[in-house]
Structures are given as C-alpha cells and as structure tokens.
Amino acid sequence: MIPTLVIGLREGIEASLIVGIIAAFLGRNGRRDALRQVWIGVAVAVTVCLAIGIGLVTLSRELPQQQQEAMETVIGALAVVMVTGMILWMNKHARGMKRELEGQAASALAQGSARALVLMAFLAVLREGFETAVFLVSVIQNSASVGTGTTGALIGIAIAVVIGYGIYRGGVKFNMGRFFKITGLVLVLVAAGLVMTVAHTAHEAGWLDAGQSQALDLSWLVRPGTVLSSLLTGVLGVQPGPTTAEVTVWLVYALPMLAFVAWPRGGKRPAPKPAAAPGS
C-alpha cells in the first residue's frame, strides 16, 4: 500500500496544485465561466486516464504468460522513465511553480481567451494521470495484493484532491520544495525497486540472460508472509535471492538519483555590500 499511496499522493498533488492555482486565479479575477470549463477539462482528462489504466490491465491479462512478462517489462520501463523525468523536473521547478503558473494565467486572460487555461488544466491532469496509470499498473501487477495496492493509490489521490481544494480555497499553504524533495526520495526507492522488477520480468520474457547468478541471499531478511517482507518487496523491490543483474541495475539507478534529489539546492546568494568609502 505504501508505494501506491506515495505514487497517488505525489502525482495527484502535482495535478491538484496546477488545477488549484489556476482555479484560484480565475476565481480572484471573476472568471467563473472559464472556471466551469476548467472543471470539464479536468473531468475529461480523468476519464481518459482511467480508460488507459483499465485498458493496460485488460490487455496484459489476455496475453500468454511469456508475452505478459514482456508487456510488464515494457510498462515497467516506461513507468521508470516517466517517473524519473517527473522527479527531475519537479526537483528543479517546484519552488517557482505557483509564480510561473499565475504568470501564464495572467497572460492568457490578457489576450482575452481562457482556452489556454482550460488546456493547461486538461494537459496537467492528463499528463500526471497517464504517468500515474502506467506507474500504478506496473507496481500493482507486481504487488502481493492488488486490492491493497489499489486502496493505497486511491487514498493518496484522495488526500491530493483535498489539498488541491484547500489551495483553491486559499486555506492550505506548504513548502512545495521540501514536500517534493521528501516524496522524491521515496519515489526514487520505489522506482529503483521497479527497475529490479523490470530486470526480472525481462529475464522471464527471454530478453535478458546475462547476470542471472544469485548475488545475495536475503532469505533471512525477506521472509515470505511477514510484514517486513511485504514492506521490503513492495516498497524497495527487494527479493529473497536477487540476481547479479537485479542488484546491478538497482545500484546504477538508485545511487545517482538519490544523490541528485538529496543534494541541497541553495537559493541565490545575496549581492555583496558595497565597500565603505575611505574615511567614512
């Protein structure tokens, strides 16, 4: 539940932030007509994303076993690429998101058209929803309980919607930079576990034969049926006997990504004070 909850919360927060900021801006400027169009655009985007998620699950279930493994490998790899791009982008832009969005909204209204704002909201929800659908399908397919994974995702999305509504009403303020840094670190670990799963399913699909010797014996730690095993396997992708290939891809992905996200981002340095004039 923890991985899917974090995914639903993180992706939902991004979409809710964008929609909430746009909606609040329109409300302050008395453009209720455009606000109704924004909600319609959001609803259409959510419907499209749900259809994509259901379609991926249905398609994977109808394929033979080896082709299912191949499809899970492709979906997993796509999910890793998408979530990595999202982590990198948000790590750079989180602090200035509100200012940038309000600037774009003001520009659209100045040109006498609210279509750009509707499109911004639609594309934001569609992009985050598509990423969420692909990532959740990949994680849930490899989780011990589909029901638990789905519940975690729904809880995360529900919390994100509440926060987004609070932003729209003006009652919720939080440090976006810090929030996205913390959730970014968690998502890096989740994505690294998914990278291990991709290496495993690639082998099952017949695409990866190198490095299949057992690298570690973690059966003493990852004992099937225990809470710790569910946590380690569900969140970090750790298996009782990971292969050399799985350990290698985990290290290659996780170490540089963790270092990048955790690295402190300093603000602008203050301008140096002018030197005092002689004799003053």
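Residues L208 and H203 share a closest heavy-atom pair of O-ND1, 2.9 Å. The heavy-atom pair separating V198 from A77 by the smallest distance is CG2-N, 3.6 Å. Contact record, A210 with A245: O-CB, 3.7 Å, taken as the closest heavy-atom pair. Pairing each heavy atom of A199 with each of V249, the nearest pair is CB-CG2, 4.0 Å. Nearest heavy-atom pair, L251 versus P256, reported as atom, atom and distance to 0.1 Å: O-CD, 3.8 Å. Shown here for L126 and A45, the closest heavy-atom pair between the two residues is N-CB, 3.8 Å.
The hydrophobic cluster containing I54 does not contain L154, counting ILVMFWY residues as joined when their side-chain heavy atoms lie under 4.5 angstrom apart, directly or transitively. Residues V81 and V195 fall into different hydrophobic clusters, defined by Ile, Leu, Val, Met, Phe, Trp and Tyr side chains chained together at heavy-atom separations under 4.5 Å. With hydrophobic clusters built from ILVMFWY side chains whose heavy atoms lie under 4.5 angstrom apart, V252 does not share a cluster with V188. Placement of I157 and I52 in two distinct hydrophobic clusters is found when ILVMFWY residues are connected by side-chain heavy-atom separations under 4.5 Å, directly or transitively. W39 and L50 fall within a single hydrophobic cluster, where Ile, Leu, Val, Met, Phe, Trp and Tyr are joined by side-chain heavy atoms under 4.5 Å apart, directly or via other members.
Between V80 and Y253 the shortest side-chain heavy-atom distance falls below 4.5 Å. Using a 4.5 Å heavy-atom cutoff, the side chains of L218 and P240 are not in contact. In this structure the side chain of V125 never reaches within 4.5 angstrom of the side chain of F130, judged on heavy atoms. At least one side-chain heavy atom of M257 sits under 4.5 Å from a side-chain heavy atom of L88.
Here the straight-line distance linking atom OG1 of T73 with atom CE of M71 works out to 11.0 Å at 0.5 Å rounding. Atom CD1 of I75 is separated from atom OG1 of T201 by 10.0 Å, given to the nearest 0.5 angstrom.
Through direct or relayed side-chain contacts under 4.5 Å between Ile, Leu, Val, Met, Phe, Trp and Tyr, V74 connects to W207.
With hydrogens and angles disregarded, no donor-acceptor distance shorter than 3.5 Å links the side chain of T243 to the backbone of Q212. Side-chain atoms of E69 never come within 3.5 Å of backbone atoms of Q67 as a donor-acceptor pair (strictly under, hydrogens ignored). When atom types are taken as modelled, the side chain of T244 and the backbone of S213 share a donor-acceptor pair closer than 3.5 angstrom.
Listed by chain and residue number, L9, I155, I163 satisfy the side chain to side chain contact (heavy atoms under 4.5 Å, CB included) test with I159 (two or more places apart in sequence, or in another chain).
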